[in-house]
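To find a chain, count down the sequence lines: A is the first, B the second, and so on, and within it residues start at 1.
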Amino acid sequence: MPEGPEVECTRRYLHPLIGKTVKKIQLTELSQKYPKYAGKQQDFYWFDGQQLIDIERSGKFLIWRFDGEKVILNHLGMSGKWILLKKNNQSLTSHAKALIYFEKQPHAIFDDIRNFGQFKIFESYKIVLKYDPIRKMGIDGLAKPFPMDEFLLRFNKPNYASKEIGAVLVDQKLVAGMGNIYKAESLALAKINPTRLVKTLTKKERKELGLAISKTLWKAVDCNGSTFSTFQIPTGQEGSAQHWHKVYGKHGEACQDCGTEIIRIVQNGRSTFFCSECQK
DNA sequence: CCGCTGGCCTGCGAGC
DNA sequence: TGCTCGCAGGCCAGCG
């Protein structure tokens with residue numbers, strides 16, 4: 001599910017929770033099996049009676065803010081999702097890791113099949129901002145208007161120069177919220193071949209790429225994100241962004257624009273898809 | 001500091 | 001039809 005646009009859709013889905021008072025945050029037994037959920041149940045007692053003030057998105061992170069100082073940093077990993085419990089007797093999902101009970105329904109369940117997600121306490125908002133993955137984040141790909149100048153600036157980082165653009169583009173220090181699907185789709189929209197070295201991209205191409213990123217990510221938000229196999233966001237609604245993908249997952253199929261076969265390559269251990277005719 | 005490899009997990013489906 | 005195996009939207013530790 002979760003690249004920046006899917007995390008943004010999740011944030012919107014959770015919006016009705018804002019203003020509610022926490023009754024109890026409970027970690028499931030299952031959560032204790034995994035190091036990334038190593039938080040102790042007793043540490044979460046602090047949140048009893050706290051009012052949820054806001055849920056912010058920063059790149060692919062959600063930051064849960066309360067009226068007291070502590071915050072919860074939450075990452076969906078590869079398979080994390082939030083489910084709002086609207087009925088009393090609704091049963092828990094099989095990979096539930098954390099439950100937030102409010103004084104009134106709905107309650108919220110964080111479910112994470114592959115256990116790559118995060119749900120951890122930080123002592124204050126200031127401290128979470130100093131946490132490296134947040135502090136070092138690049139521009140937010142969903143920022144409006146798209147921060148072109150800073151994008152170009154970060155793009156100039158010397159250590160990117162001799163790397164392939166397809167490998168660089170998923171770096172959260174360049175564009176926070178970018179992931180493997182929208183990387184491929186943004187490059188397709190900008191008609192740039194993912195194997196191009198960053199230093200060979202002209203300023204015009206870099207700008208076009210920036211615009212393509214913004215367009216691609218926002219279109220995904222507007223479609224409620226991409227839904228694949230069992231992943232959906234949020235529960236009950238399906239995203240439809242996958243329907244307009246030009247290249248992602250389409251290896252072996254004909255390019256919709258020129259008929260050339262879409263190919264798949266591996267960069268940084270991740271799949272990249274493109275049309276070698278349209279993307280030069 | 002940098003880049004690369006492999007590891008963390010479960011579930012799905014392509015292909016034999 | 002059933003099984004295996006590769007692969008999956010993310011990230012990081014450890015190594016040289």
Donor-acceptor list for residues 64-71 of chain A side chains, cut-off 3.5 Å, not counting sequence neighbours:
| from | atom 1 | to | atom 2 | distance (Å) |
| --- | --- | --- | --- | --- |
| A:Trp64 | NE1 | A:Asn74 | OD1 | 3.3 |
| A:Arg65 | NH1 | A:Glu56 | OE2 | 2.9 |
| A:Asp67 | OD1 | A:Gln51 | N | 3.1 |

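- With a 6.0 Å radius and a threshold of 12 heavy atoms from other residues, nucleotides or ligands, A:Lys280 has its NZ atom above the threshold.
- Atom-to-atom, CD of A:Gln32 to P of B:dC9 comes out at 14 Å; the value is rounded to the nearest Å.
- Atom pair A:Asp112:CG and B:dT10:C1' shows a separation of 10 Å (rounding to whole Å applied).
- Note on A:Gln118: nothing from the nucleic acid sits closer than 4.0 angstrom, heavy atoms only.
- Under 4.0 angstrom from either OP1 or OP2 of B:dC9 there lies no side-chain N or O belonging to A:Tyr34.
- Between B:dT10 and A:His95, no contact under 4.0 Å exists linking OP1 or OP2 to a side-chain N or O.
- Closest approach to the A:Lys60 side chain among C:dC11, C:dC7, C:dC12 is made by C:dC11 (side chain taken as heavy atoms from C-beta onward).
- For A:Asn180, a side-chain nitrogen or oxygen approaches OP1 or OP2 of C:dG9 to under 4.0 Å.
- For the atom pair A:Lys199 NZ and A:Ile165 CD1, the distance stands at 14.0 Å (nearest 0.5 Å).
- Here the nucleotide nearest the side chain of A:Arg114, chosen from B:dC9, C:dC7, C:dG10, is B:dC9.
- Going from atom NZ of A:Lys183 over to atom P of C:dC11 covers 13 Å, rounded to whole Å.
- In this pair, A:His245 and A:Tyr182 present their aromatic rings perpendicular. The plane angle is above 60°, beyond the 30 to 60° band.
- Between A:Tyr131 and A:Phe61, the ring planes lie perpendicular to each other; the angle is over 60°, past the 30° to 60° tilted range.
- The distance from atom CD of A:Gln172 to atom P of C:dG9 is 13 Å, rounded to the nearest whole Å.
- Under 4.0 angstrom from either OP1 or OP2 of C:dG9 there lies at least one side-chain N or O belonging to A:Arg270.
- Between the C1' atom of C:dG9 and the NZ atom of A:Lys250 lies a distance of 16 Å, rounded to the nearest Å.
- Across the protein-nucleic acid pair, A:Ile265 atom CD1 and C:dC7 atom P stand 14 Å apart, rounded to whole Å.
- Considering only side-chain atoms of A:Asn115, the nucleotide from B:dC4, B:dT10, C:dG9 that sits closest is B:dT10.
- B:dC12 and C:dG6 make up a base pair, with Watson-Crick or G-U wobble contacts both under 3.5 Å.
- Checking the phosphate oxygens (OP1, OP2) of C:dA8, a side-chain nitrogen or oxygen of A:Arg264 falls inside 4.0 Å.
- Taking atom CG of residue A:Asn74 and atom P of nucleotide C:dC11, one finds them 13 Å apart after rounding to whole Å.
- Checked against B:dT10, C:dG9, C:dG10, the side chain of A:Phe116 finds its nearest nucleotide in C:dG10.
- C:dG9 sits 16 Å from B:dA14 when the P atoms are compared, rounded to a whole Å.
- Distance check on atom P: B:dC9 versus C:dC3 gives 27 Å, rounded to whole Å.
- Listed nucleotides: B:dC8, C:dG9, B:dC2. Nearest to the side chain of A:Asn159: B:dC2.
- A straight line from CD1 of A:Ile134 to P of C:dC12 spans 10 Å, rounded to a whole angstrom.
- Partner assigned to B:dT5 is C:dA13, using Watson-Crick or G-U wobble distances below 3.5 angstrom.
- Comparing A:Lys136 and A:Ser94 along DNA chain B, the residue whose closest nucleotide (by nearest heavy atom) sits nearer the 5' end is A:Lys136.
- Within the cation-pi definition used here (under 6.0 Å to the ring centroid, within 45° of the axis), A:Lys157 qualifies as a partner of A:Tyr160.
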